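Proteins get letters first, then strands, A, B, ... in listed order; numbering begins at 1 in each. This structure is a prediction, so every number in the text was calculated from the model and none was measured.
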Amino acid sequence: MEIEELLKSNTAQIVKDLYETDFDQSKIIINETRKEFEGDLTVVVFPFSKIAKKKPEDTGIEIGEKLVEKLDFISSFNVVKGFLNLGFTDDYWLKRLAVISQDKSFGFSNSNGKKVVLEYCGPNTNKPIHLGHIRNMTLGFSVAEILKANGYEVHKVNILNDRGIAICKSMLAWQKFGQGETPETNNTKGDHLVGKYYVKFDQELGKEFENWQNSAEANSEYSKWLEEKDGKKSKEEGKEQSELKKQFHKSFKNTYFNQYSALGAEASEMLLKWENDDPEVRQLWKKMNSWVYDGFQQTFDRLGIDFEEHYKESDFYKEGKNMVEAGLGEEKFYRKEDGSIWADLEEYKLDQKILVRNDGTSLYLTQDIAVAQARYNKYKMDLSIYTVGDEQNYHFKALKAVLQKLDKAYADGIHHLSYGMIDLPSGKMKSREGTVVDADFLIDEVVEKARLATMELGKIEDFSSEQAQELFEKIGIGALRFYILNVNPQKRMLFDPEKSVELNGATAVFIQYAYARIQSVLRKYNQDVPTEIKVNKMEPIERELIIALSGFETTVQAAGKDFDPSLIAQYTYNLAKLFNKFWNQCQILNAEDENVKEFRILLSNSCGNILEKGLNLLGIDTTERM
RNA sequence: GGUCUCGUAGCUCAACUGGAUAGAGCAGCUGCCUUCUAAGCAGCAGGUUCCAGGUUCGAGUCCUGGCGGGAUCACCA
């Protein structure tokens, strides 16, 4: 807000005049005045009282007097302790509202000429999208909208983890047990069908593993394990035999899969064939992936999220190696005796990181190097945002470091939009233990809940079934999005399925409802919204509303700077709350006189516009009626 | 164990990056629909900000040391 800058520069000048000391303008602190005190904005004067060598109260009064003298929009001031509270004239706020109401793009910046590539979603193609992806998609989409509002040119992209052992498991299980069923024959969404076989594989592997556990091999591995650190430790702790075995089986599962399992061997063989371009395997892979993509697309459509491009890991997993080898030539990396190539990232306070295996194959990191380069070649972006969970914080630090080592200028623009894991009331989300929440299932739930709540209120009896369904989707999915976006992305959050579909209190519905009320009044008013303000005073709540509207600008900027939609969520909720208060205190259509009525229509309309903008930045739709 | 991170009302989250008497929602209790949408509004109650020190005009926020969660330390992605 310009006003704060204006206050700062004037305050700095006054301090200089009064006390003959330069004070760094940017260090002046200006806050909104707390409700319990008189005033609109507050200057913290403690820092000046040292310079002035006077009590904070006296310093505040001196500065306050000068400010009132200098700036005609400041009508009053008071000093409490070291806080100088400044009151603005009604005229100032009314003019402010006049500007806001006329500026269609209020709060949004003009183009800043910078390009952003924002990656989000990042599903695996062997199973359906789950709750974790919903946080990712909701967050990524919203940050993209917020950056657009801040003047960036944003390109949204997806990364598909479409290769590797996991998809081979699904493929193998389908081959063995699927009897040729397809999404069509089974009337199932493609990603769910493929996911079904991923689960099936795990079940079969589990059975196989259980059988193996009584074999001589198993016993000898168990004895070995008891001599090693984990097993030895547990044994010394005096755990019971059955406990020990359980622990062993858990820790050995991976090794079993790689060394003893027949199914494991088959899956690995399939992966090898895939890597060697075996036509049959490749064809099956393509077929099953296309099922999955169809399924994903349905979910994306329903959530209203989109991508300019889908990067497939399979297209890049071999590349990156060249870039690494080039770096090796310039001695930015080093080769170990076994032939593997490594990066020394100690200067970045990271470890040694392997980039190419001794058999010449590349890794996750290597692959991401190639993807980053491909994106830069295409978009020449200034900023590259990766929406990925915080368990990969280390990976992205390493990616950035390696690219910086390679002197890639774009490396500095890499930003990991890291978000915390979602906890369920029952504990952590683990796909293997079946405690995941399926995305499609969850969406159905919230929409159904919206339907029930809406029908109970009985306000939309004249809606067609299409209109009604559209409304349920807006309400249900909006509720879900708001529930997630309302918390700071970096924080781990608890997801309570019950609460996520809650339609009372601090929710999207609350805001959508305020918006619908406004539209209802505007419909009844049935004229063009006035463009001129003909009143010169107002109620305290009206003043509060204008101040809140005015803050939209700074909020959008702060959200863009921090990549943090929760700021928008909180702002929008707060504005809706103020509007509801206003609604209950003031009559709009039945206002005491025509000028007041027009003013309130204009004010309500501006609130509606900002509420809609705010919700849209979160990816939430508004509705004219509900 | 090393590194990183978190700990705020019964529960879920805030606190403008060091500012005033730590705020909302849910759950609980009171009221308010013959007036523009009650999916709302007004109110009550609920706190040793994990503990102990320190830094300063001022600490939930910064520093040190504990305690307790979590992530990560793969030639998986």
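- Remark: of the listed residues A:Asp58, A:Thr42, A:Leu84, A:Val43, A:Leu84 is the sole one forming a side chain to side chain contact (heavy atoms under 4.5 Å, CB included) with A:Val79.
- Here B:G1 sits opposite B:C73 as a Watson-Crick or G-U wobble pair (both hydrogen-bonding atom distances under 3.5 Å).
- Taking atom P in both B:C11 and B:C57, one finds a spacing of 37 Å when rounded to whole Å.
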**Asked** Where do A:Arg34 and A:Phe83 land on the side-chain contact (heavy atoms from CB on, under 4.5 Å) test, with the steps shown first?
**Response** CA-CA 11 Å; A:Arg34 297 184 68 114; A:Phe83 299 94; over 6 Å; no
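- Put simply, CG on A:Asn393 is 17 Å from P on B:G70, counting in whole angstrom units.
- Heavy atoms of A:Val487 sit under 4.0 angstrom from primed sugar atoms or phosphate atoms, though from no base atom.
- B:U21 is unpaired under the Watson-Crick or G-U wobble criterion, no partner having all donor-acceptor distances under 3.5 Å.
- Across all strands, A:Ser49 comes closer than 4.0 Å to no nucleic acid atom at all (heavy-atom distances).
- Within 4.0 Å (heavy atoms only), A:Thr507 reaches no atom of the nucleic acid at all.
- Taking only side-chain nitrogens and oxygens, A:Lys491 comes nearer than 4.0 Å to OP1 or OP2 of B:A14.
- A 6.0 Å sphere centred on CD of A:Glu502 holds more than 12 heavy atoms belonging to other residues, nucleotides or ligands.
- Between A:Asn488 atom CG and B:U8 atom P there is a gap of 15 Å when expressed in whole angstrom units.
- Residue side chain A:Tyr573 fails the stacking definition with respect to B:A24, as its ring centre and the base's six-membered ring centre are not both under 5.5 angstrom apart and under 30 degrees in plane angle.
- On a pure distance criterion of 3.5 Å, a polar donor-acceptor pair joins the side chain of A:Lys459 and the base of B:U37.
- Contacts of A:Glu624 with the nucleic acid, taken as non-hydrogen atoms under 4.0 Å apart, include base atoms.
- With rounding to whole Å, A:Leu471 atom CG is found 16 Å from B:U37 atom P.
- Nearest nucleotide to the side chain of A:Asn590, out of B:U35, B:A24, B:A39: B:U35.
- Counting only N and O atoms by type, the side chains of A:Asn580 and A:Tyr513 include no donor and acceptor under 3.5 Å apart.
- With hydrogens and angles left out, the side chain of A:Asn126 and the base of B:A77 share no donor-acceptor pair within 3.5 Å.
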